[in-house]
Amino acid sequence: MKTVLNALLFCLIMLPATLMAQSTATGTVTDKANAMPLPGVNVIIKGTSRGTVTDFDGKFSIEVSEGEILVFSYVGYTKQEVEFTGQSSIDVAIEEDAAQLDEVVLIGYGSTTKQDATGAVEKVGDEEFNRGAIVAPQQLIAGKASGVRVTSSGGGAGEGGEIRIRGGASLTASNDPLIVIDGLPIDQRGGAQGSRNALNAINPADIEDFVVLKDASATAIYGSRASNGVILITTKKGSANQPLKIEYGLQVSTRRVANTVDVLSAEEYRTLASNPNFDSETLGNASTNWQDEIYTTGVGAIHNITVSKGYEKSNFRINFNHASQEGALDDLYERAGLNVSYVQRLLDNDLKLTFVGKAIQDEYSYANSGAIGSAISFDPTQPVRDQNGDFTQYGTSANLAPVNPLFLLENYDDRQTIKRVISNFNIDYKFWFLKDLTFNLNAGIDYAENDGHKFIKANPNNAGGFDTNEVSNGLNRNTSLDFYLNYKKDIESINTKIDLTAGHAFQEFYIEGFFDRTTNTNITQTDINRNALESYFARASFDIADKYLISASFRRDGSSRFSEDNRIGYFPGVSVGWKLMNESFLEDSFFSNLKLRAGWGVTGQQEIESNYGYLGIYTPSRNDAANIQIGTTPSGEPIFIDTLRPEPYDENLTWEETTQYNLALDFGFFNNRLSGTIDGYYRETEDLLANVPLAAGSNLSDQLITNVGSVTSRGLEISLNGIIYQKENFGWDTNFNITFQEQEITSLSLNDDPDYFIPTGGISGGVGNQIQILKPGYDPSTFFVFRQVYDGNGNPIEGTYVDVNGDNQITEADRQPYKKATPDAFIGFTNNFNYKKFDLNFTFRGSFGNYVYNNSASDRGNLNAVVNQPGYQGNAHGSYLETGFTNQNLFSDYYIQRADFVRLDNVSIGYTIPFEKITLRTSLTATNLFVITEYDGLDPEISSGIENNFYPRTRDIVLGLNFTF
């Protein structure tokens, strides 16, 4: 850290201190249509961040050097550029431009404009991204798009996050969206083995924008993988006719856990000595906060060096990045990456060749997360080390006792190195004989190799324990080839624009893994898995009279995960739009945009754990204990042979299919200074792919992946964008989005019994206990509990629950579905301010109607968590002081707690300093500053809804320096 700070000081000292000779240019900006002055027009010197804004009379004044280019931009108007050649007065008239509706957005296998989009498509550009030392790309868009919920997995180094678009559509199959990077769909099951987050291979600073395809009419062209939405990621590639540009960015960060689990302090623990079952002789003389002992302040640094240049016929961009991030448990993530893009135009620009290559090395050093549970349960009166300097332990007579958490951290080594290459080559060619016809071919590969090793010291509380040594390696290979023909034509005779696309896609995933583990037995395992998709797709779009839009798409998918009888799936989509603002009766209205659109489509799901779930296959034994001795050698040595175990299968396994309806209104006022979207959807998923329990003897296992039942969901998404104020030296714009959603299981067809359900949601406390339920009529994240009875003072009465069925006894029949983990609504609220050379932005996120089961409290919030343990006394959760519970009450609804929250997720302030040949931007960013919530557990934002052994989120402070040469 000291070296980094010294480097920063050196850079600052060496900055040029004199400004180049400049002149003052003044002028007036007017509306070309009526010659009225325009206030709030941005006047920027091209290639820099130096600029100003016109005043109320449309006038401006700016320091500029000869040869520099002034760029005039204003919401709702086309940009205009003027070269400064010494003139003292520059008067500019800019022209209205339909509120920037011609902005291009990507869709599947092509592009369209905002005004012509008929599906639920939302674009988030780099200027809208969250700021800070971000290593997980999904965190860039948290809170930025309606219908999109990004939930961090915790505070670990390099930790990613869960992305849900419109809540997901499945039960136990994947609910992750399909992610396409520069045209290459990546493996939805995680990319490289051993990676905590497959998207970490993509440098966040290298991303140009995210485009989210939310409804089925937009995603149906991706067919079998699009039920959970699609995210198209475009990386930066530079542009033509641009001078050589060198950029260096540095972000230095510190991070600390924002909260810890409430447990008894040493003083509170000692008050338990009055209990007759408490062994006072075990009390120590220390006062140890074990959570404070295990959590440290992590530091990190992210470096980005970028070189780009554009020529008349080609351009390139090269980025080298290195990221280092420490977690609060002394875990570590490091990434070194090289990103290269090159674009070449040939044959009078009819042929465009694009190459994108990324070479990345990710290194993870994981911490033993079991230390979190041990820190919660270890006796707080014991010192960290005993009088001999060794870690304090309970002793070998207490096999089930928690291990000193610092011993766990120090005697654990788990490292993974992942080397990954993601590369794409794209050909875009306009045929010489028909310029409206384009051929596009995209060939891509995502190849990763991983090597890992793990060492775990034997449990010191177990005299017969063994060290664990493990080595692992493997590779993931994802190859993709797709091509399509696109025909675009404006047929003036019928006042219609047509856009036709047809193509073919093939993608294969190959996974090979090996690990060898030695403890008291030796386990060696080698796995080879592959699956493939072959697809044909087509789309036709029509724009009639610049008013009426029609688009239809179709995809035929074949998946190797299903038998030949069920292999093919058909996925159509249709959408329409009506550009009301182009109708004569709205010609002089105050609308700058008004479009009604609707869509319908069918999408699929085939992302399941097994690639061969429809085949009867056999698995060889993986350790010596499962082998069978067959005779001996001549010298008397035993001969062992491997055994084979048949795996469960369903030969009728088939696609999970989702049908979705969408209705939306896009609007804009005052040249789109206020704009937004209201988008409603209804979705039904059938033939759900789920891992379900089976009756004994009905198959080769008590669990099977099969098709069961259906789920419906509906929602309403509202997004508002506003330019609140735009005057000279000051600007303010804002975005607010809110999503309302609900989901319900409508059938589980394994059984006609109306009371049939599938338990889910494993918890700590006992063996095999589960706290959630899949049952028709309820949300898939619904909890399954007893209804707690309270006394006259509102205190829970231990072991006393509501007798729901009135049989005068409390049995499993009295457990009831109650509350759910998914929110009824969630919001994002972003504000951006600029004043002269200062800029400030912040983002709030919120969630409402969601509940969390506090398993930390239900497991350890009782006296028996301390006493009556075999050979030791542990610590209790702080909730014991409120309940006085003697025993665990795992299934009481007392532990289902409302978890609404509003979180100040991101705040960043920056200052830009222009020098002679260098522009410097400094910034200070803070993340996860505070959370407003009634939830009294560790964190109200837990995707599963079950808080247990959760790695606390961190609060990060980031100093950033960005140099542009």
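It should be emphasised that the depicted structure is a prediction, and the values quoted were computed from it without experimental measurement.
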Discussion item. How about NZ on K837, more than 12 heavy atoms from neighbouring residues, nucleotides or ligands closer than 6.0 Å, or not?
Written reply: no
Worksheet item: Is the backbone of R131 close enough, under 3.5 Å, to the side chain of N906 for a donor and an acceptor to pair up by distance?
Response: yes
Worksheet item: Any ion pair linking K144 and D905 (charged N to carboxylate O, less than 4.0 Å)?
Response: no
Worksheet entry | T925 side-chain N/O to S908 backbone N/O, donor-acceptor pair under 3.5 Å | no
Item to complete: Mind telling me whether Y366 and Y364 have parallel, tilted or perpendicular rings, with 30° and 60° as the class edges?
Response: parallel
Discussion item. Set out, in order, the CA-CA distance, both residues' side-chain angles and the distance that settles side-chain contact (heavy atoms from CB on, under 4.5 Å) for N203 and T235, then state yes or no.
Written reply: CA-CA 9 Å; N203 176 21; T235 59; over 6 Å; no
Worksheet item: Hey, what's the ring geometry for F730 with Y725, parallel, tilted or perpendicular (30° and 60° as the breaks)?
Response: tilted
Worksheet item: Ion pair present between E717 and R166, side-chain N to carboxylate O less than 4.0 angstrom?
Response: yes
Item to complete: Step through the shown structure and confirm whether more than 12 heavy atoms of other residues, nucleotides or ligands are within 6.0 Å of OH on Y911.
Response: yes
Practice prompt. Indicate yes or no: does K214 engage D679 in a salt bridge with an N to O separation below 4.0 Å.
Written response: no
Discussion item. Check this for me: R256, atom CZ, are more than 12 non-hydrogen atoms of other residues, nucleotides or ligands nearer than 6.0 Å?
Written reply: yes
Item to complete: List the atom of P177, the atom of N228, and the distance in Å for their closest heavy-atom pair.
Response: CB-O, 3.4 Å
Worksheet entry | side-chain contact (heavy atoms from CB on, under 4.5 Å) assessment of Y222 paired with L232 | CA-CA 11 Å; Y222 283 106; L232 309 178; 3.6 Å; yes
Worksheet item: Is there a side-chain contact between P204 and F129 (heavy atoms, below 4.5 Å)?
Response: no
Discussion item. Is it the case that the side chain of D330 and the backbone of T296 share a donor-acceptor pair, with hydrogens and angles ignored and the cut-off at 3.5 Å?
Written reply: no
Worksheet item: Pick from D206, N315, D182, N339: which one makes a side-chain hydrogen bond (donor to acceptor under 3.5 Å, both in side chains) with K237?
Response: D182
Discussion item. Once you measure the plane-to-plane angle for Y248 and F963, does it fall in the parallel (<30°), tilted (30-60°) or perpendicular (>60°) bin?
Written reply: parallel
Discussion item. Closer than 3.5 angstrom, by distance alone: can the side chain of T954 be matched with the main-chain N or O of D956 as a donor-acceptor pair?
Written reply: no
Item to complete: Test E122 against F210 for side-chain contact (heavy atoms from CB on, under 4.5 Å), laying out the working first.
Response: CA-CA 8 Å; E122 189 159 359; F210 290 75; over 6 Å; no
Discussion item. Check for me whether the distance between the ring centres of F901 and Y935 falls short of 6.0 Å.
Written reply: no
Worksheet item: Any side-chain heavy-atom pair from F844 and N831 closer than 4.5 angstrom?
Response: no
Fill in: Minimum side-chain heavy-atom gap D824-F848 below 4.5 Å
no
Worksheet item: Would you find more than 12 non-hydrogen atoms of other residues, nucleotides or ligands less than 6.0 Å from F965 atom CZ?
Response: yes
Worksheet item: Around K419, counting heavy atoms of other residues, nucleotides and ligands shown, do more than 12 lie under 6.0 Å from its NZ?
Response: no
Worksheet entry | Check against side chain to side chain donor-acceptor pair (under 3.5 Å), N478 and N476 | CA-CA 7 Å; N478 163 16; N476 286 41; over 6 Å; no
Discussion item. What I want to check is whether the side chains of Q741 and R164 have a donor and an acceptor closer together than 3.5 Å.
Written reply: no
Worksheet item: Under 3.5 Å, side chain of R921 to main-chain N/O of G960, donor-acceptor pair present?
Response: no
